[in-house]
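As a basis for the values below, the full set of heavy atoms in this structure was taken, side chains included, without hydrogen atoms, waters or symmetry mates.
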Amino acid sequence: TPHRPFVPLADGGVSALRFDGNSTFGESVAPLTVAPRDGLTVSAWVALASPPVEPAAVVSVATDRGAPALRLAVGPWLQPEFVVGDLRAASFEALPLGRWVHLAGVVDADGARLYVDGERVAESPGAPPEAIEGGVSIGRDPFAGARAVHPYGIWNGLIGEVAVATMTESAPVPAVEPAGREADVS
């Protein structure tokens with residue numbers, strides 16, 4: 001269910017939605033149930049217009065326990081992260097503003113890994129939760145408002161081709177095509 005009008009577009013070969021960093025985001029009507037230990041990949045093409053004030057989620061699955069159970073996000077210093085339960089794979093390298101970047105978080109029984117444009121940039125070994133069930137948000141961290149003043153946690157820029165895929169073997173990282181191309185984030 002979208003909140004506020006989205007502006008769909010095709011930019012750099014990516015079908016994307018524009019988020020305004022203030023009030024546009026999407027939420028699922030029905031909850032998503034996944035089993036991270038069996039293998040799971042969460043991915044999306046992103047282009048940021050400005051740095052978020054606190055981690056802004058590309059994709060977030062939140063339970064009613066008060067924190068995201070699964071989150072692919074970018075922090076205030078433009079550093080991407082992938083969080084699954086207590087596992088957090090985070091990069092120290094900043095993402096560029098106004099350029100397409102492919103983010104992918106992969107989790108299985110051995111831990112969580114974060115990929116940027118197809119390259120592994122971070123990992124967090126350990127056992128993820130057996131199951132996660134909760135509402136899906138695209139473009140915001142649903143618990144950011146509970147921790148701080150609005151519009152924290154809301155994406156400002158473009159998000160496209162979001163995918164959540166289960167895997168039974170080693171999870172592949174999608175091929176990258178428009179990585180590094182300029183994006184019209186205005």
Side-chain angles (χ1 to χ4, degrees), residues 14 32 34-63 67-132 134 136-144 147 152-181 183:
V14 176
L32 173 71
V34 293
R37 288 187 188 177
D38 294 339
L40 179 72
T41 298
V42 179
S43 64
W45 283 99
V46 300
L48 278 160
S50 66
V53 176
E54 69 174 51
V58 177
V59 179
S60 179
V61 178
T63 65
L70 184 148
R71 181 177 69 190
L72 183 61
V74 174
W77 294 276
L78 302 173
Q79 297 165 323
E81 66 178 17
F82 180 54
V83 177
V84 183
D86 293 331
L87 302 178
R88 180 176 178 264
S91 174
F92 293 106
E93 295 294 321
L95 297 181
L97 289 175
R99 295 204 174 272
W100 283 113
V101 176
H102 188 265
L103 298 179
V106 177
V107 63
D108 56 26
D110 297 325
R113 294 167 300 286
L114 174 67
Y115 294 82
V116 175
D117 290 336
E119 291 186 37
R120 185 186 299 194
V121 295
E123 61 186 289
S124 179
E130 285 188 39
I132 293 173
V136 178
S137 294
I138 296 177
R140 83 167 187 139
D141 175 350
F143 289 101
R147 295 189 303 259
Y152 293 160
I154 296 181
W155 190 265
N156 186 10
L158 305 172
I159 298 175
E161 301 182 13
V162 174
V164 177
T166 57
M167 308 288 173
T168 56
E169 297 178 8
S170 176
V173 176
V176 292
E177 184 61 34
R181 289 190 197 162

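In terms of heavy-atom proximity, Pro80 sits nearest to Leu114 at O-CD2, 3.4 Å. Residue Ala44 comes nearest to Ile159 through the heavy atom pair CB-CG2, 4.4 Å, listed as atom of the first residue, atom of the second, then distance. Taking each heavy atom of Ala73 and Ala57 in turn, the nearest pair found is CB-CA, 3.8 Å. Considering all non-hydrogen atoms of both residues, Ser91 and Ala122 come closest at N-CB, 4.1 Å.
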Practice problem: Test side-chain contact (heavy atoms from CB on, under 4.5 Å) on Leu78 and Leu48 and set out the steps. | Solution: CA-CA 9 Å; Leu78 302 173; Leu48 278 160; 3.6 Å; yes

Self-check item: Worked check of salt bridge (charged side-chain N to carboxylate O under 4.0 Å, His left out) between Arg37 and Glu130
Solution: CA-CA 6 Å; Arg37 288 187 188 177; Glu130 285 188 39; 3.5 Å; yes

Quiz prompt | Verdict with reasoning, Ile132 to Val84, per side-chain contact (heavy atoms from CB on, under 4.5 Å) | solution = CA-CA 9 Å; Ile132 293 173; Val84 183; 4.0 Å; yes

Self-check item: Residue pair Asp108, Asp38: steps toward the side-chain contact (heavy atoms from CB on, under 4.5 Å) verdict
Solution: CA-CA 6 Å; Asp108 56 26; Asp38 294 339; over 6 Å; no

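Annotation: side chain of Val34 is not in contact with side chain of Val61 (no heavy-atom distance under 4.5 Å). The closest side-chain heavy-atom distance from Pro55 to Glu81 is below 4.5 Å. You'll find the side chain of Val46 reaches within 4.5 Å of the side chain of Trp155, heavy atoms only. The shortest distance between side-chain heavy atoms of Trp45 and Leu103 does not fall below 4.5 Å. Val58 is not listed as a side-chain neighbour of Ile138, based on a closest heavy-atom distance of 4.5 Å or more. Using a 4.5 Å cut-off on side-chain heavy atoms (C-beta onward), Pro129 and Asp86 make no contact.
Note that the CD atom of Glu93 and the CH2 atom of Trp77 stand 15.5 Å from one another [nearest 0.5 Å]. Distance check, rounded to the nearest 0.5 Å: CZ of Arg88 to CZ of Phe82 gives 12.5 Å.
The backbone N or O of Phe92 sits less than 3.5 Å from a side-chain atom of Gln79, completing a donor-acceptor pair. Side chain of Asp117 to backbone of Val101: no donor-acceptor contact under 3.5 angstrom is found.
Between Val162 and the options Val42, Val59, Leu72, a side-chain contact (heavy atoms from CB on, under 4.5 Å) holds for only Val59. Checking Leu87, Val136, Leu40 one by one against Leu70, the side-chain contact (heavy atoms from CB on, under 4.5 Å) holds for a single residue, Leu40.
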